> 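Encoded as structure tokens, here's the structure I'll be asking about.
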Amino acid sequence: MKEMQRTVTCGELRKEFDGKEIILNGWVHKNRNHGGVHFINLRDKYGVTQVVIDEDASEDILNIANDLKYEYCVAIKGIVRKRPDSMINPDMKTGEIEVSAKEIVILNKCDTLPFMIEEESKANETLRLKYRYLDLRSDGMQKRIKLRSDVAYATREYLNSQGFMEIETPTLIKATPEGARDFLVPSRIHPGKFFALPQSPQLYKQILMVSNFDKYFQIARCYRDEDARGDRQLEFTQIDIEQSFVSANDIYKMTEGLMCHIFKKTMNIELPTQFQRLTYMDAMNTYGSDKPELRFDMKLQDFSSYVPNSDFSVFKTVLDNKGAVRAIVVPDAAPDYSRKKITELEEIAKQYGANGLAWMKVTPEGFDGGVAKFYNNQFTEICNGLSAKNNDLILLMGADWKTSVTSLGAVRKQIGIDRKLYDPSTFHFCWIVDFPLFEKNDEGNWEACHHLFSMPQDHYLDTMEENPGEVKGDLYDLVLNGYELASGSIRVHDPEIQKRIFSIVGIKEEEAMEKFGFLLESFKFGAPPHGGIAPGLDRLVMIMAGEESIREVIPFPKNAMAMSPMDDCPAEVDPEQIRELSLKIEIPVKEK
RNA sequence: GGGAGCAUAGCGAAGCUGGUUAUCGCGUCGGCCUGUCAAGCCGAAGAUCACGGGUUCGAUCCCCGUUGUUCUCGCCA
């Protein structure tokens, strides 16, 4: 190898190298044989260079060149030469030169490829994941993994500059009762006992605050044993941050600074220095989501005032049952939306529990189609009230409040995509604040919306127990382009308040002590007020890269079925391993 | 756990209301070709139409089930 080790990369040759002898190492990207003259596009991480085998080349070189196939790994020694003006390729960085080959060594052959290595592979995802090492050679994957690295670097750069310390926390920890399902790791030394993999470093970063590290961060791997999604993996990476002696505003400012730095450094994009803020209730009421897509308007509007003067009994019943009737006005959409297309929107609404989706079109003669006949008596009032004009489509949703806003919100989002109501290459950050601290679960008991260690806002402290549903927390989400990018809160550092929260959600003191007593114990020793946030690195990079799946920015992801086609895991293990761990496997029989 | 979509050569796709020798592009193999850069031209091989059942004279196409996969609701403090 030594004689044929590269002296330059495939991305750096320019006309200034004219006449120089160089050695390139790389992969055969394209191979074009014209009979007399023969071109090889050689690719490495840094670019592509055209190699020419001239007609007067030695028999040896001609034979080797003819044997070359896609993705052979080769070393080529040759002379750089300027291309004549007419042959310059302006689409290639190295397009003003080519390399005349004097020696070619095949370093490794390549089997027939399962799929072509192109900018973006067109093969189905299972195949891409099975041969991930080939998929990762593609230009698109290379760019995304590079962006991910750049984002991680910019993160460290910014947080270090702000006085944060990067600290590792354990990945073998104690299982916690709340939240997602834990991945469990059996202990060989302690039969019948288990570690859990962290869902996040939450408790440890809080303890680091008790320990006077003041400003902590970690690019931390987290594990949650829940069903995967396009934007969710069983294992993912978050930029975990915690600070002492801070208010929510300090966290907003720090996070805005971090995002500005990341976007500037990696994509040269200037973000606004302060992000929009929306309360949870406003977000739900106007966009039907706690992670609203804010790159287009088309707000949800209250329609209930028009319901009593109409004979449409469905909505009357909804209001009698303390539900909500909401509307969105889709500008100029009336001609484009057939009954069939509206039915498709209705299907989306139904996924969120809606029974149906009512609609009518605005025409010069009045409302038309759908529920038009019930509302034509209020045509002018409704058009004025909703700011609807001729050719608009009005969509109406009546249901309990949450179903009404979330299902219509989902319809809104889909219309935004269908009608291209925004530029998908732009970025819109927004804080969602004033989240409720508690909500009732299906059994009618209170539980924490976020997690148990979030602080109630000051003015609820005295009367928290009277109406837990009203209590807002010092809780915030950062939303980017309709994705929840980060979540955080100011934490409870006062053991008394913590006890009251446990009591509201029905956790007994012994139970709390058993589960996370070490944290509560630490709070007895002068714990400082503290708070933090944790942006998801995978999601951030995904959105920056304009992708819709987190798998496009993770080198070796699991698929949607929570498996890895490349190394075929999870897999069965040797019975001896099971025995050594004092475990017994019993696979439930599937019922028909 | 529920719902929806998809499954046709190695890869990506076409195949209209059921009758085709199952089509096209890329790739593979062979040949030709002196300037390409998505090279071109000629030729060849390559398909249990995911699997199992049903309807039918006849199924890639319709129906049921299974498997795989993607999206989604639940779930994800």
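Numbered from 1 within each chain, the chains take letters A, B, ... in sequence-line order. Just so it is clear, the model here is predicted, and its values are computed rather than measured.
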> Between U23(B) and G3(B), how far apart are the C1' atoms? Round to whole Å, please.
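Going atom to atom, C1' in each nucleotide, I get 35 Å.
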> Go through C75(B), U69(B), G27(B) for me and flag the one nearest to the Met116(A) side chain.
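Closest nucleotide to the Met116(A) side chain: G27(B).
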> Base, sugar-phosphate alone, or nothing: which one does Arg551(A) contact when heavy atoms must sit under 4.0 Å apart?
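The answer is sugar-phosphate, as Arg551(A) gets under 4.0 Å only of primed atoms, P, OP1 or OP2.
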> Which nucleotide, if any, forms a Watson-Crick or G-U wobble pair with C6(B), using both distances under 3.5 Å?
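G68(B) is the nucleotide pairing with C6(B).
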> Go through U70(B), G27(B), C37(B) for me and flag the one nearest to the Ala560(A) side chain.
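Side chain of Ala560(A) sits closest to U70(B).
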> Rounded to whole angstrom, note down the P distance from C63(B) over to U21(B).
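It works out to 25 Å between them.
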> For a quick test of reading the model: is some side-chain N or O of Arg229(A) closer than 4.0 Å to OP1 or OP2 of U70(B)?
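Negative; the distance criterion is not met.
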> By nearest atom, which of the nucleotides U36(B), C76(B), A39(B) is closest to the Lys30(A) side chain?
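Nearest to the side chain of Lys30(A) among the choices is A39(B).
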> Assign Met561(A) to base, sugar-phosphate, or nothing according to its heavy-atom contacts below 4.0 angstrom with the strands shown.
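Result for Met561(A) = sugar-phosphate.
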> For a quick check of understanding: with a heavy-atom distance under 4.0 Å over all strands, which category does Lys69(A) fall into, base, sugar-phosphate or nothing?
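Here Lys69(A) touches the backbone only, sparing every base.
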> What distance, rounded to whole Å, do you find between the two P atoms, one in U70(B) and one in U56(B)?
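Approximately 38 Å lies between the P atom of U70(B) and that of U56(B).
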> Choose from C76(B), C11(B), G35(B) the nucleotide whose nearest atom is closest to any side-chain atom of Leu127(A).
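Among C76(B), C11(B), G35(B), the one nearest the side chain of Leu127(A) is C11(B).
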> Would you say the side chains of Gln202(A) and Gln206(A) form a donor-acceptor pair under 3.5 Å?
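The criterion, which ignores hydrogens and geometry beyond distance, is satisfied for Gln206(A) and Gln202(A).
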> If you check the Asp227(A) side chain, which of C75(B), U72(B), U69(B) turns out closest?
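Output: C75(B).
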> Figure out the CD/P separation between Glu226(A) and U72(B), and round it to whole Å.
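After rounding, the gap between these two atoms is 16 Å.
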> Would you please say whether a donor-acceptor pair under 3.5 Å links the side chains of Thr176(A) and Lys174(A)?
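Absent: no donor and acceptor within the cut-off.
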> Less than 3.5 Å between a donor and an acceptor, one on the side chain of Arg83(A) and one on the base of C37(B), is that the case here?
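Yes, a donor-acceptor pair under 3.5 Å.
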> Between Phe115(A) and Asn31(A), which is nearer to the 5' end of RNA chain B once each is assigned its nearest nucleotide?
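Nearest nucleotide further toward 5': that of Phe115(A).
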> Counting any heavy atom closer than 4.0 Å, what does Gly230(A) reach on the DNA or RNA strands: base, sugar-phosphate only, or nothing?
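Sugar-phosphate, no base atom in range.
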> For C33(B), give the paired nucleotide (Watson-Crick: N1-N3 plus N6-O4 or O6-N4; G-U: N1-O2 and O6-N3; both under 3.5 Å), or none.
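WC or wobble partner does not exist here.
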> Round to a whole Å and report the spacing from CD of Glu118(A) to C1' of G10(B).
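From Glu118(A) CD to G10(B) C1': 14 Å.
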> Is Phe39(A) stacked on the base of U36(B), with ring centres under 5.5 Å apart and planes under 30° apart?
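So Phe39(A) counts as stacking on the base.
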> When the C1' atoms of G2(B) and A38(B) are compared, how many Å lie between them, rounded to an integer?
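Result for the C1' pair: 45 Å, nearest Å.
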> Out of C73(B), U69(B), U28(B), which has the shortest distance to the side chain of Tyr70(A)?
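So the side chain of Tyr70(A) is nearest to U28(B).
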> If you go through the side-chain atoms of Asn124(A), does one of them form a donor-acceptor pair with the base of G12(B) closer than 3.5 Å?
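When only heavy-atom distances are counted, Asn124(A) does not reach the base of G12(B) through any donor-acceptor pair under 3.5 Å.
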> Does C62(B) have a Watson-Crick or wobble partner in any strand here, with both distances under 3.5 angstrom, and which is it?
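Base-paired to G54(B).
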> Taking atom types as modelled, is there a side-chain donor on Glu59(A) or Asn63(A) under 3.5 Å from an acceptor on the other?
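On atom types as modelled, these side chains do not qualify, holding no pair under 3.5 Å.
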> Below 4.0 angstrom from OP1 or OP2 of A39(B), is there any side-chain N or O of Arg32(A)?
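Yes, such a contact exists.
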> Taking any strand in view, what nucleotide pairs with U28(B) in a Watson-Crick or G-U wobble way, both distances under 3.5 Å?
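Paired with A44(B).
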> Could you measure between the two P atoms, the one in G58(B) and the one in G65(B), and give it in whole Å?
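Going atom to atom, P in each nucleotide, I get 23 Å.
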> Assign Ile348(A) to base, sugar-phosphate, or nothing according to its heavy-atom contacts below 4.0 angstrom with the strands shown.
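The answer is nothing, as Ile348(A) stays clear of every strand by at least 4.0 Å.
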> Find the distance Asn33(A):CG to A39(B):C1' and express it as a whole number of Å.
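Distance check: Asn33(A) CG to A39(B) C1' gives 11 Å.
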> Rounded to the nearest angstrom, tell me the gap between atom CG in Asp67(A) and atom C1' in G30(B).
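Atom CG in Asp67(A) sits about 14 Å away from atom C1' in G30(B).
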> Applying the 5.5 Å / 30° rule, does His34(A) stack onto the base of G35(B)?
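Answer is no, no stack.
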> Taking atom C1' of C71(B) as reference, at what distance in whole Å does atom CD of Glu547(A) sit?
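My rounded result for the distance is 16 Å.
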> Ignoring the backbone of Arg232(A), work out which of C76(B), G35(B), U28(B) is nearest its side chain.
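Within the option list, the nearest is C76(B).
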> Specify the closest pair of heavy atoms between Pro201(A) and Gln218(A), including all atoms of both residues, with the distance to one decimal.
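That closest heavy-atom pairing would be CG-NE2, 3.8 Å.
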> Using a 4.0 Å heavy-atom cut-off, does Ser454(A) contact any base of the nucleic acid, only the sugar-phosphate backbone, or nothing at all?
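Answer is nothing: Ser454(A) stays at 4.0 Å or more from every strand.
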> Would the number of heavy atoms belonging to other residues, nucleotides or ligands and lying under 6.0 Å from NZ of Lys413(A) be above 12?
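Counting neighbours around NZ of Lys413(A), more than 12 heavy atoms of other residues, nucleotides or ligands fall under 6.0 Å, so yes.
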> Would you say the ring centers of Tyr204(A) and Tyr216(A) fall short of 6.0 Å from each other?
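Not under 6.0 Å, so no.
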> Mind checking Glu125(A) for me? I need base, sugar-phosphate or nothing, with any heavy atom below 4.0 Å counting as a touch.
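Counting heavy atoms under 4.0 Å across all strands, the contact made by Glu125(A) is with sugar-phosphate only.
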> Let's test your reading of the model: under 3.5 Å, does the base of G35(B) pair with the side chain of Glu98(A) as donor and acceptor?
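For Glu98(A), whose side chain was compared with the base of G35(B), there is a donor-acceptor pair (under 3.5 Å).
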> When all nucleic acid strands are considered with a 4.0 Å heavy-atom cut-off, which category describes Gly35(A): base, sugar-phosphate, or nothing?
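Counting heavy atoms under 4.0 Å across all strands, the contact made by Gly35(A) includes a base.
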> Looking only at the side chain of Thr112(A) (C-beta and beyond, no hydrogens), which of the listed nucleotides A39(B), G74(B), G27(B) gets closest?
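Output: G27(B).
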> What distance, rounded to whole Å, do you find between the two C1' atoms, one in U17(B) and one in G43(B)?
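Comparing C1' positions in U17(B) and G43(B) gives a spacing of 38 Å.
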> In this structure, how many angstroms lie between the C1' atom of C24(B) and the NZ atom of Lys122(A), rounded?
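Whole-Å distance recorded here is 15 Å.
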> Taking atom P of A39(B) as reference, at what distance in whole Å does atom NE2 of His29(A) sit?
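Taking atom P of A39(B) as the reference, NE2 of His29(A) is at 9 Å.
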> Of all the choices, U36(B), G74(B), U69(B), which nucleotide is nearest to the side chain of Gln50(A) once you look at every atom?
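That would be U36(B).
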> Near Asp111(A) CG, under 6.0 Å, is it more than 12 heavy atoms from other residues, nucleotides or ligands?
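No, the 6.0 Å shell around CG holds no more than 12 heavy atoms from other groups.
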> How far apart are the closest heavy atoms of Leu234(A) and Phe183(A), and which atoms are they?
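Where Leu234(A) meets Phe183(A) most closely, the heavy atoms are CD1-CZ, 3.6 Å.
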> Whole-Å distance between C76(B) C1' and Gln199(A) CD?
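It is 9 Å, rounded to the nearest whole Å.
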> Asp91(A) near the nucleic acid: base, sugar-phosphate alone, or nothing, with a heavy-atom cut-off under 4.0 Å?
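Since no nucleic acid heavy atom lies under 4.0 Å of Asp91(A), the category is nothing.
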> Give me the distance, rounded to whole Å, that separates G12(B) from G46(B) when you measure between the C1' atoms they each carry.
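After rounding to an integer number of Å, I get 16 Å for this pair.
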> Assess the side chains of Asp474(A) and Ser489(A): does a donor N or O sit below 3.5 Å from an acceptor N or O?
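Their side chains do not contain a donor-acceptor pair, so the 3.5 Å distance test is not met.
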> Does Arg491(A) reach a base, just sugar-phosphate, or nothing at all? Heavy atoms under 4.0 Å.
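Arg491(A): no heavy atom of the nucleic acid under 4.0 Å.
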